[in-house]
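Here the structure is laid out as structure tokens; the discussion comes afterwards.
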2 protein chains.
Amino acid sequence: MTLEASLVTAGTASQILDVAERLVQTRGYNAFSYADIAAELEITKAALHYHFRSKAVLGDVVLERYTRRFFEALANIPSWDPAPARLARYVDLYRAVLRADRLCLCGILAAEYQTLPTPMREAVLEFFDRNEAWLEEVLRDGIAAGSVRANEPVHDSARLLISGLEGAMMLARARGDIDRFDRSAERMLADLTA
Amino acid sequence: MTLEASLVTAGTASQILDVAERLVQTRGYNAFSYADIAAELEITKAALHYHFRSKAVLGDVVLERYTRRFFEALANIPSWDPAPARLARYVDLYRAVLRADRLCLCGILAAEYQTLPTPMREAVLEFFDRNEAWLEEVLRDGIAAGSVRANEPVHDSARLLISGLEGAMMLARARGDIDRFDRSAERMLADLTA
DNA sequence: GTCTATAAGTAGATAGAC
DNA sequence: GTCTATCTACTTATAGAC
């Protein structure tokens with residue numbers, strides 16, 4: 001990133017998004033307030049409302065940015081790498097979140113799903129749809145190359161991996177034990193590969 | 001349950017617990033209020049405070065009752081049944097919760113973990129510890145009988161199953177698609193059994 | 001773009017009558 | 001055991017000055 005680009009994203013709006021994102025990932029959407037963000041950034045709640053009209057809008061923008069960045073990171077995994085290596089890189093993304101003492105944004109929002117504004121609900125489902133689609137392609141590549149077990153249908157394999165990672169993150173975070181997540185992830189990858 | 005026993009548990013306190021339990025399982029601990037329960041039972045918030053001094057106490061009692069009932073249900077699974085059958089019965093308990101459009105109480109509380117009062121945090125961890133212990137015993141029985149794959153250590157297998165079920169419930173509930181849960185659960189059981 | 005001030009509502013919780 | 005009434009604190013959100 002160039003200096004200019006970093007300055008562009010260093011404005012108040014992006015600082016607000018940074019704090020809001022962290023608060024959702026650690027406490028959940030229903031357990032943080034504009035007051036929390038205002039206190040941390042040493043601005044007023046009114047200033048927050050200037051940048052994000054409502055909490056629902058803020059939540060939606062946080063979600064959109066998180067999803068964009070997540071799939072940018074996925075796009076950086078070379079499609080010519082062997083499927084098991086790509087799956088390991090996928091798991092690495094989750095582990096990095098957990099190492100920052102956070103949950104997957106969409107994981108914690110899935111738990112709060114019934115209380116979310118409609119646009120946020122749709123964005124959460126879209127995040128998981130796109131995850132499934134990415135994993136399905138990797139799994140199909142791996143099956144064709146003989147490096148992934150030929151369990152069908154692949155969308156069930158993809159969903160099981162996503163569910164397992166989300167669940168493992170929640171339980172590992174409650175324990176403060178990243179090792180648990182690692183061992184669960186290893187087992188899942190081993191079950192998938194041939 | 002006898003008529004007398006059902007009358008004993010039909011008091012206001014137990015009605016409050018019923019409503020609170022459902023609200024936590026559907027919306028989460030941070031997204032329900034005394035006002036919600038009071039409105040549903042057509043009593044006042046003050047009456048609620050008579051039965052449960054604070055929301056933290058109510059949450060703790062809900063958690064205690066849920067855990068007690070869950071392990072009573074587990075205790076009803078005959079220990080002489082084959083391990084795969086016992087694992088299927090275990091999964092049935094989760095499915096029944098999902099069919100009632102709820103999440104596992106401790107699953108949703110794990111997502112909210114960082115915002116919970118300390119006694120509730122401890123009760124959540126204890127719930128999962130006891131789940132692990134029950135599963136480990138079943139898995140060891142199955143390995144000895146040759147009906148369960150000899151993956152070691154068994155506590156990793158137990159944890160992976162719990163994580164997978166909790167994650168699958170969250171994602172299936174968001175979709176309103178119980179079938180997803182069933183297919184994930186089937187795969188997990190198939191991966192465990194020989 | 002940020003502030004002060006304030007609105008209008010809800011949160012959990014308590015005192016005291018009945 | 002339930003009520004009315006009330007409290008304090010906090011929630012999201014807006015108006016208008018600078």
Side-chain angles (χ1 to χ4, degrees), chain A residues 4 6-24 26-63 65 108-109 112 114-121 123, chain B residues 6-24 26-63 108-109 112 114-121 123:
Chain A
E4 277 152 329
S6 91
L7 287 174
V8 164
T9 55
T12 304
S14 101
Q15 285 179 269
I16 294 166
L17 289 172
D18 290 341
V19 175
E21 184 179 86
R22 197 192 68 245
L23 289 174
V24 178
T26 50
R27 303 177 53 82
Y29 180 76
N30 293 312
F32 86 92
S33 70
Y34 268 38
D36 296 327
I37 301 175
E40 185 162 336
L41 295 178
E42 292 179 295
I43 57 177
T44 58
K45 290 185 287 172
L48 285 183
H49 278 284
Y50 169 80
H51 292 282
F52 301 97
R53 193 158 309 179
S54 69
K55 192 183 176 184
V57 166
L58 174 58
D60 211 42
V61 177
V62 165
L63 199 31
R65 192 185 69 160
I108 197 162
L109 291 179
E112 297 181 292
Q114 287 208 300
T115 70
L116 298 181
T118 304
M120 290 186 69
R121 292 192 192 191
Chain B
S6 91
L7 287 175
V8 165
T9 55
T12 304
S14 103
Q15 283 179 270
I16 294 167
L17 289 173
D18 290 341
V19 175
E21 184 179 84
R22 196 191 68 243
L23 288 174
V24 177
T26 51
R27 304 177 53 83
Y29 180 77
N30 293 312
F32 85 93
S33 69
Y34 269 38
D36 296 327
I37 301 174
E40 187 163 334
L41 295 179
E42 293 178 296
I43 54 175
T44 59
K45 289 188 289 171
L48 286 183
H49 279 284
Y50 169 80
H51 292 281
F52 300 97
R53 196 160 306 177
S54 70
K55 193 182 176 185
V57 167
L58 174 58
D60 211 43
V61 176
V62 165
L63 198 32
I108 198 162
L109 291 178
E112 296 181 291
Q114 287 208 299
T115 70
L116 299 181
T118 304
M120 290 186 69
R121 292 192 192 192

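Values below: every heavy atom of this structure, side chains too, minus hydrogens, waters and symmetry copies. The chains referred to below are lettered A, B, ... by the order of the sequence lines, with proteins before strands, and numbering in each begins at 1.
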Is the side chain of B/Tyr29 donor-acceptor paired with the backbone N or O of B/Lys55 at a distance under 3.5 Å, no angle test? yes
Can a side chain N or O of A/His49 be found less than 4.0 Å away from OP1 or OP2 on D/dA15? no
Just to verify, which of B/Ile37, B/Val24, B/Leu48 counts as forming a side-chain contact (heavy atoms from CB on, under 4.5 Å) with B/Leu58? B/Ile37
Taking atom CD of A/Glu21 and atom OG1 of A/Thr26, what is their separation to the nearest 0.5 Å? 10.5 Å
Expressed as a whole number of angstroms, how long is the span from A/Phe32:CZ to D/dC10:P? 17 Å
Counting any heavy atom closer than 4.0 Å, what does A/Tyr50 reach on the DNA or RNA strands: base, sugar-phosphate only, or nothing? base
Choose from D/dA13, C/dA11, C/dT2 the nucleotide whose nearest atom is closest to any side-chain atom of A/His51. C/dT2
Which nucleotide in the list D/dA15, C/dA13, D/dT4 gets nearest to the side chain of B/Thr44? D/dT4
Five pairs per end, C1' atoms only: what is the angle between the end axes of the helix from C/dG1-D/dC18 to C/dC18-D/dG1, to 10 degrees? 0°
Take the protein atom CG of A/Leu41 and the nucleotide atom P of C/dG1, then report the distance between them rounded to whole Å. 15 Å
Report the nucleotide, chosen from D/dT12, C/dA5, C/dG12, that has the shortest atom-to-atom distance to any side-chain atom of A/Ala46. C/dA5
Which listed nucleotide (C/dA13, D/dT14, D/dT2) is nearest to the side chain of A/Arg53? D/dT14
How long is the line joining CD1 of A/Ile37 and P of D/dA13, in whole Å? 12 Å
N or O in side chain of B/Thr12 less than 4.0 angstrom from D/dG1 OP1/OP2: no
I need the NZ-C1' distance between A/Lys45 and D/dA15, as an integer number of Å. 15 Å
Residue pair B/Phe52 / B/Leu17, side-chain heavy-atom distance below 4.5 Å: yes
Nearest-angstrom distance from the residue atom OH of A/Tyr29 to P of D/dT11: 14 Å
Let me know the distance between CG of B/Asn30 and C1' of C/dT10, rounded to the nearest Å. 15 Å
Side chains of B/Met120 and B/Glu112: closer than 4.5 Å at any heavy-atom pair? no
In terms of side-chain heavy atoms of A/Tyr34, which of C/dA13, C/dT2, D/dT12 is nearest? D/dT12
Report the residues that fulfil side chain to side chain donor-acceptor pair (under 3.5 Å) with B/Ser33, sequence neighbours left out, ordered by chain and then residue number. B/Asp36
Applying a 4.0 Å non-hydrogen cut-off, can you work out what A/Phe52 is touching in the nucleic acid: base, sugar-phosphate, or nothing? nothing
Integer-rounded Å distance: D/dT12 P and A/Lys55 NZ: 5 Å
How long is the gap from CD on A/Gln114 to CZ on A/Arg121, to the nearest 0.5 Å? 6.5 Å
Between D/dT14, C/dG12, D/dT4, which nucleotide gets closest to the side-chain atoms of B/Ser33? C/dG12
